[in-house]
Amino acid sequence: MSTHSEVMHCYEQIAPLTERMLMLARTKQWGVLPALEAQCSDMVERLMAIEDQETLDAAQSGRKYRLLSRINANYAEIRSMVLPQLARLGAVMKHQSLLQNLQQTYGRKDDALS
């Protein structure tokens with residue numbers, strides 16, 4: 001097996017991306033996360049296309065599982081911070097939709113006085 005492994009390169013790119021995403025989530029910099037998630041998704045798609053075509057040696061397999069463990073832990077922590085934010089956003093959007101429906105149904109006070 002050659003020392004260069006495209007599979008390992010993918011894992012080694014994904015791990016620091018998820019660490020950066022985690023740091024951004026911890027500091028509530030939500031706007032930057034989608035771009036990094038897109039990079040991760042691209043890398044994961046590439047990985048899915050090539051992983052079955054490459055056999056890793058024992059050292060690479062060990063490194064892969066350590067990286068995968070870090071990646072999974074990062075994603076779990078990110079999810080634990082992002083999901084409540086998404087729930088709050090959904091609630092705000094639902095509330096805004098309800099207000100808009102009420103305004104359309106009953107009109108504004110200002111309109112009734114005119």
Side-chain angles (χ1 to χ4, degrees):
M1 171 113 241
S2 73
T3 57
H4 176 71
S5 165
E6 191 173 354
V7 167
M8 291 307 301
H9 174 75
C10 289
Y11 281 106
E12 289 166 351
Q13 295 299 308
I14 294 169
L17 280 172
T18 62
E19 288 167 3
R20 174 110 171 95
M21 290 169 61
L22 179 55
M23 189 251 343
L24 292 167
R26 284 177 177 160
T27 58
K28 299 185 183 341
Q29 297 179 50
W30 309 117
V32 187
L33 287 176
L36 292 177
E37 175 57 31
Q39 289 178 30
C40 278
S41 292
D42 290 346
M43 215 33 104
V44 168
E45 284 179 29
R46 177 69 186 137
L47 190 55
M48 287 175 17
I50 64 170
E51 193 159 25
D52 289 341
Q53 301 168 11
E54 200 175 297
T55 303
L56 301 177
D57 63 28
Q60 290 171 320
S61 289
R63 173 114 174 99
K64 170 189 162 182
Y65 288 109
R66 285 189 301 278
L67 288 168
L68 194 53
S69 183
R70 275 177 39 204
I71 291 165
N72 286 335
N74 291 340
Y75 266 122
E77 191 172 341
I78 292 166
R79 272 190 308 277
S80 75
M81 289 182 267
V82 169
L83 290 179
Q85 291 296 319
L86 289 174
R88 279 191 278 281
L89 178 61
V92 167
M93 291 175 67
K94 184 176 180 179
H95 179 73
Q96 290 299 322
S97 177
L98 176 62
L99 288 177
Q100 185 177 18
N101 287 340
L102 287 171
Q103 284 180 344
Q104 288 175 350
T105 302
Y106 297 106
R108 294 184 180 174
K109 263 188 186 177
D110 298 346
D111 293 341
L113 297 175
S114 302

Student: Do His95 and Leu99 make a side-chain contact, defined as non-hydrogen atoms from C-beta onward lying under 4.5 Å apart?
Tutor: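 With C-beta onward as the side chain, the pair touches.
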Student: What pair of heavy atoms forms the shortest contact from Ile71 to Ala15, and how long is it?
Tutor: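 The answer is CG1-CA, 3.6 Å.
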Student: Should Arg26 and Met23 count as side-chain neighbours, where that means a heavy-atom distance under 4.5 Å?
Tutor: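 No, too far: nothing below the 4.5 Å cut-off.
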Student: Quick one about Tyr11 and Glu51 (side-chain donor to acceptor, distance below 3.5 Å, no hydrogens or angles considered), yes or no?
Tutor: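 Side-chain D/A pair, Glu51 to Tyr11: present.
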Student: Does Met48 belong to the same Ile/Leu/Val/Met/Phe/Trp/Tyr cluster as Leu17, with side-chain heavy atoms less than 4.5 Å apart forming each link?
Tutor: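 Same cluster.
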Student: Of the non-hydrogen atoms in Leu24 and Leu33, which two are nearest, and what is the gap between them?
Tutor: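 Heavy atoms only, the tightest pair is CB-CD2, 4.0 Å.
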Student: Does the side chain of Arg70 reach to within under 4.5 Å of the side chain of Glu19, using non-hydrogen atoms?
Tutor: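 Result yes, sub-4.5 Å side-chain heavy-atom pair found.
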Student: Within this structure, what is the CD-CG distance for the pair Gln103 and Leu98, rounded to the nearest 0.5 Å?
Tutor: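 Taking CD in Gln103 and CG in Leu98, the distance rounds to 10.5 Å.
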Student: With a sphere of 6.0 Å drawn around CZ of Arg20, does it hold more than 12 non-hydrogen atoms of other residues, nucleotides or ligands?
Tutor: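 No, the 6.0 Å shell around CZ holds no more than 12 heavy atoms from other groups.
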Student: CZ/Arg63 to OG/Ser5 distance, rounded to the nearest 0.5 angstrom?
Tutor: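 Reported value, rounded in 0.5 Å steps: 11.5 Å.
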Student: Establish whether Tyr75 and Leu36 are linked, either directly or via other cluster members, by ILVMFWY side-chain heavy-atom contacts under 4.5 Å.
Tutor: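 In one cluster: yes.
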Student: Nearest heavy-atom pair of Trp30 and Met81: which atoms, and what distance?
Tutor: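 Closest heavy-atom pair between Trp30 and Met81: CH2-O, 3.8 Å.
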Student: Can you list the steps and then say if Val44 with Ile14 is a side chain to side chain contact (heavy atoms under 4.5 Å, CB included)?
Tutor: CA-CA 8 Å; Val44 168; Ile14 294 169; 3.8 Å; yes
Student: Which atom names give the shortest non-hydrogen contact between Met8 and Lys64, and what distance separates them?
Tutor: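 Shortest heavy-atom separation between Met8 and Lys64 comes out as CE-N, 3.7 Å.
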Student: Has the side chain of Arg66 got a donor or acceptor atom that lies under 3.5 Å from a matching backbone atom of Gly62?
Tutor: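 Judged by distance alone, yes, a pair lies under 3.5 Å.
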Student: Tell me whether Tyr65 is reachable from Ile50 by hopping between hydrophobic residues (I, L, V, M, F, W, Y) whose side-chain heavy atoms are closer than 4.5 Å.
Tutor: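 The answer is yes; both residues are in one hydrophobic cluster.
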Student: Quick check on Asn101: does its CG atom have over 12 non-hydrogen neighbours (other residues, nucleotides or ligands) under 6.0 Å away?
Tutor: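 Atom CG in Asn101 is crowded, with more than 12 foreign heavy atoms closer than 6.0 Å.
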Student: Find the distance between CD (Gln13) and CD (Gln39) and round it off to the nearest 0.5 Å.
Tutor: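 Interatomic distance, Gln13 CD to Gln39 CD, rounded to 0.5 Å: 9.5 Å.
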Student: Within this structure, what is the CG-CG distance for the pair Asp52 and Leu47, rounded to the nearest 0.5 Å?
Tutor: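 If I round to the nearest 0.5 Å, the distance is 9.5 Å.
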Student: Closest heavy-atom contact between Gln60 and Leu56?
Tutor: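 Residues Gln60 and Leu56, closest heavy atoms: OE1-CA, 3.5 Å.
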Student: Looking only at heavy atoms, what is the nearest atom pair of Pro84 and Arg79, with distance?
Tutor: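 The pair with the smallest heavy-atom distance is CD-O, 4.1 Å.
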Student: Do you see a donor-acceptor pair shorter than 3.5 Å between the side chains of Glu45 and Ser41?
Tutor: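 Per modelled atom types, Glu45 and Ser41 side chains form no pair under 3.5 Å.
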Student: Which residue in the set Val32, Asn74, Ile78 passes side-chain contact (heavy atoms from CB on, under 4.5 Å) when paired with Met21?
Tutor: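 Result: among Val32, Asn74, Ile78, Ile78 is the only option passing the side-chain contact (heavy atoms from CB on, under 4.5 Å) with Met21.
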